[in-house]
Amino acid sequence: MLNFKGFLPAILLLFTFAISCKTSQTSSESEKGFKSIFDGKSLKGWSGDTKYWRVENGSIVGEITPETLLKTNSFLTWQGGEPADFELKAEFNITEKGNSGINYRSVIFPDVPNALKGYQADIDGANRYTGQNYEERGRTTLAYRGQITEINAQSAHMSPEQVRAKVAKNAWTELKVTGSLGENEGLKAKIKAEDWNEIRLVAKGNRLQHYVNGVLMSDVTDNDTVNGKSKGLLGVQVHVGPPMKVQYRNIRIKNL
């Protein structure tokens, strides 16, 4: 009669090794094509006001103190190009009263220092807005967390006053909600407060998707070629408000 007791540890070791190899391979495949855009040591390749931005412990840190309160939102902007269709991954950690976000397909807003105008993956410490799609200095909220939306096409150039006229309660009125990704509070429970979270942005054509910790939080199809953008600058934000701190690390991008 064969005694299998001696084989059991070896079988378990082989099984563990096989799982480890498969996990490593899956991880490697998921990172294929991505390049890091932050070296973890300096703000090389980024531009912003160093009164608010620095590098610490391998992270980009944006901080407002009682002595450095802002009058306008301030951005740290990546100088490596104007991504069009792309996938971006990063990790963020924000204090309870913090307000931040990642802007993309954006333009420099004139006459305001270090300001961007464009799509934003919203991030805040209370996780009231984290994951939604908000257009900074533009059409405002394009999709709340949990919404799938389609933005209506506009027929002609719009002045800033005409854009503001189509905003109500800080949300764009020229859209339709076409589906749901889940209840706002249920999705909020997937986001860790004052801890590290992973954010993933996918911009392809006129479809814009925001994921947090692997969960799709908002999904926008922007049919408005008058106000929408197909490419533009990328940056991170510190927002007007009380003292706060936000950290970003492991920032990497892949062109699609």
Side-chain angles (χ1 to χ4, degrees), residues 47-49 52 62 64 69-78 81-86 98-124 126 128-179 184 201 203-210 217-242 244 246:
S47 176
D49 190 339
Y52 304 104
I64 300 171
L69 295 179
L70 284 165
K71 293 183 179 179
T72 59
N73 299 341
S74 187
F75 286 83
L76 182 73
T77 304
W78 183 53
E82 297 186 9
D85 289 358
F86 68 91
N99 194 336
S100 184
I102 302 175
N103 260 57
Y104 59 97
R105 290 187 178 178
S106 295
V107 296
I108 296 292
F109 189 77
D111 305 321
V112 178
N114 300 298
L116 291 179
K117 174 184 177 182
Y119 301 113
Q120 183 181 113
D122 221 334
I123 294 169
D124 71 296
R128 182 179 177 185
Y129 307 111
T130 302
Q132 74 176 21
N133 192 314
Y134 181 87
E135 189 176 66
E136 175 85 0
R137 296 186 178 273
R139 293 167 292 175
T140 69
T141 305
L142 302 180
Y144 289 112
R145 185 169 57 219
Q147 288 184 334
I148 302 171
T149 64
E150 285 194 18
I151 312 303
N152 300 333
Q154 302 297 307
S155 59
H157 171 77
M158 300 175 70
S159 68
E161 292 74 23
Q162 289 172 319
V163 171
R164 284 194 291 271
K166 292 194 174 188
V167 172
K169 298 181 180 178
N170 206 32
W172 188 239
T173 56
E174 286 284 327
L175 62 78
K176 52 183 177 285
V177 179
T178 59
N184 185 301
L201 313 180
K204 190 170 185 179
N206 65 342
R207 190 176 183 187
L208 314 168
Q209 296 174 299
H210 298 173
M217 297 287 176
S218 64
D219 191 335
V220 172
T221 299
D222 192 355
N223 299 312
D224 180 2
T225 57
V226 172
N227 296 295
K229 295 288 185 291
S230 60
K231 67 175 185 177
L233 298 170
L234 176 72
V236 290
Q237 178 199 62
V238 282
H239 198 283
V240 171
M244 59 153 281
V246 64

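Remember, predicted model here, so these are calculated numbers, not experimental data.
- You'll find the ring centres of Tyr104 and His210 inside the 6.0 Å limit.
- One distance of note links OG1 of Thr221 with CD1 of Ile148; it measures 9.0 Å at 0.5 Å rounding.
- Taken to the nearest 0.5 Å, the CH2 atom of Trp172 stands 8.0 Å off from the CD atom of Glu135.
- Here the CD atom belonging to Gln209 is positioned 4.0 Å from the CZ atom belonging to Arg207, to the nearest 0.5 angstrom.
- Of all non-hydrogen atoms in Tyr119 and Lys229, the two that sit nearest each other are OH-N, 3.4 Å.
- Taking each heavy atom of Ala121 and Leu201 in turn, the nearest pair found is CB-CD2, 3.5 Å.
- Minimum heavy-atom separation, Gly98 to Met244: CA-CB, 3.5 Å.
- Taking 4.5 Å as the limit, some side-chain heavy atom of Met158 sits within range of a side-chain heavy atom of Gln154.
- Side chain of Ser218 to main chain of Gln147: no donor-acceptor pair is present (N/O by atom type, distance under 3.5 Å, no hydrogens or angles).
- Under the 3.5 Å distance criterion, the side-chain polar atoms of Asp124 are matched with a main-chain donor or acceptor of Tyr129.
- Ionic pairing of Lys117 and Glu136 is not present here: no N-O contact between side-chain nitrogen and carboxylate oxygen is shorter than 4.0 angstrom.
- When all heavy atoms of Leu69 and Gly241 are compared, the pair lying nearest together is CD2-O, 3.7 Å.
- Side-chain contact between Pro83 and Trp78: present, with at least one pair of heavy atoms (C-beta onward) separated by less than 4.5 Å.
- Summarising the geometry, atom CZ belonging to Arg137 is positioned 11.5 Å from atom OG belonging to Ser106; distances are rounded to the nearest 0.5 Å.
- Without hydrogens or angle criteria, Thr141 side chain to Tyr134 main chain gives no donor-acceptor distance under 3.5 Å.
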| Derivation of the side-chain contact (heavy atoms from CB on, under 4.5 Å) call for Asn133 and Gln120 | CA-CA 6 Å; Asn133 192 314; Gln120 183 181 113; over 6 Å; no
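- The only member of Thr77, Leu116, Leu76, Ile102 that meets side-chain contact (heavy atoms from CB on, under 4.5 Å) when paired with Leu234 is Ile102.
- Here the side chain of Asn73 pairs a donor or acceptor atom with the backbone of Val240 at under 3.5 angstrom.
- The minimum heavy-atom distance linking Leu208 with Ala203 is given by the pair CD2-CB, 3.8 Å.
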| Does the pair Asn103 and Leu233 meet the rule for a side-chain contact (heavy atoms from CB on, under 4.5 Å), with working shown? | CA-CA 8 Å; Asn103 260 57; Leu233 298 170; over 6 Å; no
| said: Please determine whether side-chain contact (heavy atoms from CB on, under 4.5 Å) holds for the pair Val236 and Phe75, giving the CA-CA distance in whole Å, both sets of side-chain angles, and the decisive distance to 0.1 Å. | reply: CA-CA 5 Å; Val236 290; Phe75 286 83; 6.0 Å; no
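- Dense packing is recorded around NZ of Lys176, with more than 12 heavy atoms of other residues, nucleotides or ligands lying under 6.0 Å away.
- Judged by distance alone, with hydrogens and angles left aside, the side-chain atoms of Thr130 form no donor-acceptor pair with the main-chain N or O of Ile123 at under 3.5 Å.
- Side-chain atoms of Asn223 never come within 3.5 Å of backbone atoms of Asn152 as a donor-acceptor pair (strictly under, hydrogens ignored).
- The two residues Val238 and Tyr52 have their closest heavy-atom pair at CG2-CB, 4.2 Å.
- In this structure, CG in Asn114 is found 6.5 Å from OG in Ser47, a value given to the nearest 0.5 Å.
- Checking side-chain atoms of Thr149 against main-chain N and O of Leu142 turns up a donor-acceptor pair under 3.5 Å.
- Judged purely by atom type and a 3.5 angstrom limit, Asp224 uses its side chain to pair as donor or acceptor with the backbone of Asn227.
- A salt bridge does not link Arg105 with Asp222: none of the charged nitrogens is closer than 4.0 Å to a carboxylate oxygen.
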